[in-house]
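Since the model is a prediction, treat every value here as computed from it, not as a measurement. The first residue of the sequence shown is numbered 1, and numbering continues consecutively from there. Note that these values count all heavy atoms, side chains included, but never hydrogens, waters or copies made by symmetry.
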Amino acid sequence: MPATVIVRGTAVTYTQPDEVTLTIVIGYRDRAAANALATVAERSTELNAILDDLAIAPERRTTTGATVSEATEWDETSRKQVHRGYDATNRIQLRLNDPAPIGKLMSDAVARSGATIQGPNWSIALDNPARLEACRLAAQNAQARADAYATALGARLGVIISIAEPGLSYEPVERPMKAYAMARTMSDAPELEVSAGEMAIQASVVVTYAVEQG
């Protein structure tokens, strides 16, 4: 059986994210379920106007949840759940290619729609060239490691027997802190600046080489 060496090559590349998602939540509590839902519908209409003003296309908006449910709280005196009205909620997820409008979007959504905002969450497109670059560098790293082992043992690398890709992963170089905004009455509050920064793409590959005696 010929001698072999199995190595894992790794590499990291850096690139700016291609897309950012935000979740906007509009909620309202009222004694009557119909009133709670009507208020959320009215505020959601105002939110759509804000999104139109910012040129965020309708296909970039997805309703991920619309609920009306009874609101209860635990009452220590009676030792039971007490009815507090009805909560209506509308959740909209936005997908943006450019983070530039996020600051104004957050300010307007909070001030005009009474919204809460969760995010941002960044992602890298599958066809981003940085992904293949990470793979290429990982393969080079594997070859260099295998060659180092063989040389140290007085041998040389032969043909490649197998190549396996454990997978790719990516994460922010410095994880952005989630932006979370609540409704405020101040109309002159400064806009929040949101920066995309860079994300790290890590690739790894496992390569098996035949080893020949020098």
Side-chain angles (χ1 to χ4, degrees), residues 12-30 35-69 71 86-134 168-203:
V12 177
T13 56
Y14 300 91
T15 187
Q16 289 192 320
D18 299 296
E19 189 174 86
V20 56
T21 60
L22 288 173
T23 298
I24 301 180
V25 183
I26 298 176
Y28 190 76
R29 176 176 293 183
D30 196 278
N35 292 343
L37 181 59
T39 300
V40 167
E42 181 181 355
R43 293 182 177 182
S44 297
T45 299
E46 183 63 26
L47 174 63
N48 282 327
I50 294 170
L51 300 178
D52 289 341
D53 291 343
L54 294 173
I56 298 175
E59 60 267 23
R60 289 281 173 174
R61 319 169 192 176
T62 302
T63 300
T64 59
T67 61
V68 179
S69 59
Y86 294 89
D87 288 331
T89 305
N90 186 23
R91 298 175 64 89
I92 303 97
Q93 186 181 80
L94 304 179
R95 297 183 299 108
L96 308 176
N97 292 326
D98 182 4
I102 291 179
K104 181 162 179 58
L105 167 61
M106 293 180 68
S107 297
D108 289 352
V110 169
R112 294 165 52 183
S113 295
T116 61
I117 300 168
Q118 300 165 0
N121 296 301
W122 310 95
S123 61
I124 297 173
L126 292 176
D127 60 354
N128 190 302
R131 288 180 177 270
L132 290 181
E133 177 65 8
L168 288 172
S169 66
Y170 62 88
E171 61 182 22
V173 178
E174 293 184 4
R175 293 185 180 274
M177 193 167 62
K178 283 193 174 184
Y180 185 81
M182 296 289 289
R184 298 176 59 183
T185 57
M186 294 175 57
S187 60
D188 58 349
E191 292 180 7
L192 178 67
E193 182 178 347
V194 178
S195 301
E198 285 188 325
M199 300 185 78
I201 301 176
Q202 180 172 333

Kindly give the heavy-atom pair with the smallest separation between L22 and P120, and that separation in Å.
CD2-CA, 3.7 Å
Of all heavy-atom pairs linking S123 and M199, the shortest is N-SD, 4.3 Å
In this structure, CG of N48 is separated from CZ of R43 (nearest 0.5 Å) by 15.0 Å
For A115 against V110, the heavy-atom pair lying closest together:
O-CG2, 3.6 Å
Locate the shortest heavy-atom distance separating V12 from A200; write the atom from each residue and the value.
CG1-CB, 3.9 Å
Please report the interatomic distance CD1(I24) to CG(L51), rounded to the nearest 0.5 Å.
5.5 Å
When rounded to the nearest 0.5 angstrom, what is the spacing between CG in L94 and OG1 in T23?
8.0 Å
Do D30 and T39 come close enough that some side-chain heavy atom pair is under 4.5 Å?
no
Flag, side chain of R61 to backbone of I56, donor-acceptor distance under 3.5 Å
yes
What's the spacing between T62 OG1 and R60 CZ if we round to 0.5 Å?
9.5 Å
Can you give me the closest heavy-atom contact between I201 and A130, atom names plus distance?
CD1-CB, 3.8 Å
Give the minimum heavy-atom separation between A36 and Y86, together with the two atoms involved.
CB-O, 3.6 Å
Euclidean distance, Q16 CD relative to N128 CG, rounded to 0.5 Å
10.0 Å
With distance as the sole test, does D18 use its side chain to make a donor-acceptor pair with the main-chain N or O of A125 at under 3.5 Å?
yes
Knowing that exactly one of L37, T89, D87 qualifies, which makes a side chain to side chain contact (heavy atoms under 4.5 Å, CB included) with V68?
L37
Where the side chain of T21 meets the backbone of R95, is there a donor-acceptor pair that is under 3.5 Å apart?
no
Find the distance between CD1 (I50) and CZ (R112) and round it off to the nearest 0.5 Å.
4.0 Å
Donor-acceptor pair, side chain of R131 and main chain of A203, under 3.5 angstrom:
no
